[in-house]
Amino acid sequence: MTQHAERVQITEAGAYRYRIPRHGAMRVPGVVFASPELLPQAAGDQALDQVVNVAALPGVVGASYAMPDVHWGYGFPIGGVAATDVAAGGVVSPGGVGFDISCGVRLLAADCDRAEIAPRIGALLDALGRRTPRGAGRGAVWHIGRRDLDRVLREGARHAVERGHGVQRDLERCEDGGVLTEADPAAGRVGDRARERGLGQLGSLGSGNHFLEVQEVETVHDEATARAMGLVAGQVCVMIHCGSRGLGHQICTDQVRTMGRAMRRYGIEVPDRQLACVPADSPEGRDYLAAMAAAANYARANRQLLTESSRAAFAETVGHGLDLVYDISHNLAKIETHRVDGETRRLCVHRKGATRALPPGHPELPPDLAEAGQPVLIPGTMGTASYLLTGVPDGDAWHSTCHGAGRVESRHQAAREVNGGRLRAELEARGIAVRGTTARGLAEEAPGAYKDIDAVVTAAEGAGLCRRVARLVPLGVVKG
DNA sequence: ATGTTC
């Protein structure tokens, strides 16, 4: 029997902004950035209940935030952002990062326009498909031993580049330079099972909503910023959306198990056991963050290897190169410094299905992007648009914005309503080349199962979280 | 998301 929670009470609080006043165990209010249409409304959708639950985490400051693409997730909503004050016993929660640790997006810019590659798009997609292991399970392009895997976990994309998989400039265009140096995959943090799964999947795409797309810059909203990021209208790009595969999933599973036990020792109570958490500055909290960083490094190395596969496919079919625009995660907890009530505080910022969006002038930007701001990469649904955004001064929610379209139908529901073969034919008829894995996999990712990406970005921009730079549309898609 | 149910 299903028991439906009482509807969460929300009030309008400005442009594309709703507020959930504090009640019950909430330590801070909830803030939801959305239009009326984007608010979770399906019966049984408990995303807003999850926003309320997150507001009860020990040490949480500001608000429990939800982005316009928010939907139900494990403990935390996907599209949720919450920060805790580390020095005040603020917690870290694996549920606030998600199972696909450091899942993220990479955008590559080709030195050619659509017309130039149009005659060879089929051959290009064939080559990309052939070189990109995808779907559930094994499939690596870089076969390494345990010692090298340990270096991947410690050094991320930097290690891949050191071993010849990429160029130095790639690292300059990765968040954190492609490596979280606090990673520590010591035994007890990253187990044998996680390592075993990771060894067989380096350079693979995965499944679900992960994809590799050849895209065209369809609309440039801000020419100067787009140019500073290396993009002009009509240009061909590659967008890669994937994460830490089975390794990240296994690390999350293992950490959630141990954290559930540790939580009781700290006397922490949470409204949902999926919000298991411990103080970020505790032995168990530091263990989680070190293991999470190792998984994040794997994800960044993985995207680096997928980049090299794409470069090889472009070189052999169309004879063009690919420059990295940026690589950004949307599933991560980060220790960051922010102003809270007039004081500088160290916060553990959880972004789960939410993207960091640094404004122009932020000290963490690479020098050649200092004036433009951080490229914020928003993958849309298969067959629809994707966006390049940037951060804004005084960006809300600790400089965060949306991460994608946001699912509104379950995979099961989508698969029941859509015929994968027909969907593929429709995409091909619209000129979008498709290299999929299974018909069911395609059906589960049908555009109708997601919110409208244009509406999500309009809400994120309207709420003052980010600014549009360019809109990209697919020419061909390789689906996991 | 995930060797799609340890």
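- His338(A) and His399(A) have tilted rings, their planes meeting at an angle from 30° to 60° on a 0 to 90° scale.
- Proximity of a side-chain donor or acceptor of Gln215(A) to a complementary backbone N or O of Leu475(A) within less than 3.5 Å is not detected.
- Positionally, the nearest nucleotide of DNA chain B for Leu247(A) lies more toward the 5' end than for the other of Arg257(A) and Leu247(A).
- The aromatic rings of His249(A) and Phe99(A) lie tilted to each other, with the angle between the two planes from 30° to 60°.
- Of all nucleotides listed (dT4(B), dC6(B), dT2(B)), dC6(B) comes nearest to the side chain of Arg193(A).
- Within 4.0 Å of Arg440(A), counting heavy atoms only, lies no atom of the nucleic acid at all.
- Within the nucleic acid shown, Gly208(A) comes within 4.0 Å of sugar-phosphate atoms alone, with no base atom in reach, counting heavy atoms only.
- Rounded to whole Å, atom P of dT4(B) lies 15 Å from atom CG of Asp100(A).
- Close to dT2(B), at under 4.0 Å from its OP1 or OP2, lies no side-chain N or O of Thr253(A).
- Rounded to a whole Å, the CG atom of Asn331(A) is 11 Å from the P atom of dT2(B).
- Every side-chain hydrogen bond (donor to acceptor under 3.5 Å, both in side chains) that Arg189(A) has, sequence neighbours left out, goes to Asp184(A), Asp287(A).
- Atom CG in Asp254(A) sits about 16 Å away from atom P in dT2(B), given to the nearest Å.
- At whole-Å resolution of the value, CZ in Phe99(A) and C1' in dT5(B) are 13 Å apart.
- Whole-Å rounding puts the Arg245(A) CZ to dT2(B) C1' distance at 8 Å.
- Regarding contacts with the backbone of dT4(B), every side-chain N or O of Arg411(A) stays at 4.0 angstrom or more from both OP1 and OP2.
- One atom, CZ of Arg134(A), and another, C1' of dT2(B), lie 18 Å apart when rounded to the nearest Å.
- Across all strands, Gly206(A) comes closer than 4.0 Å only to sugar-phosphate atoms, never to a base (heavy-atom distances).
- By the side-chain hydrogen bond (donor to acceptor under 3.5 Å, both in side chains) test, Arg130(A) pairs with Glu316(A), sequence neighbours left out.
- Heavy atoms of Gly246(A) sit under 4.0 angstrom from primed sugar atoms or phosphate atoms, though from no base atom.
- The residue Gln201(A) sits close only to the backbone: its heavy atoms come under 4.0 Å of sugar-phosphate atoms, none of a base.
- dT2(B) atom P lies 11 Å from atom OH of Tyr298(A), rounded to whole Å.
- Regarding Glu445(A), its CD atom lies at a distance of 11 Å from the P atom of dT2(B), rounded to whole Å.
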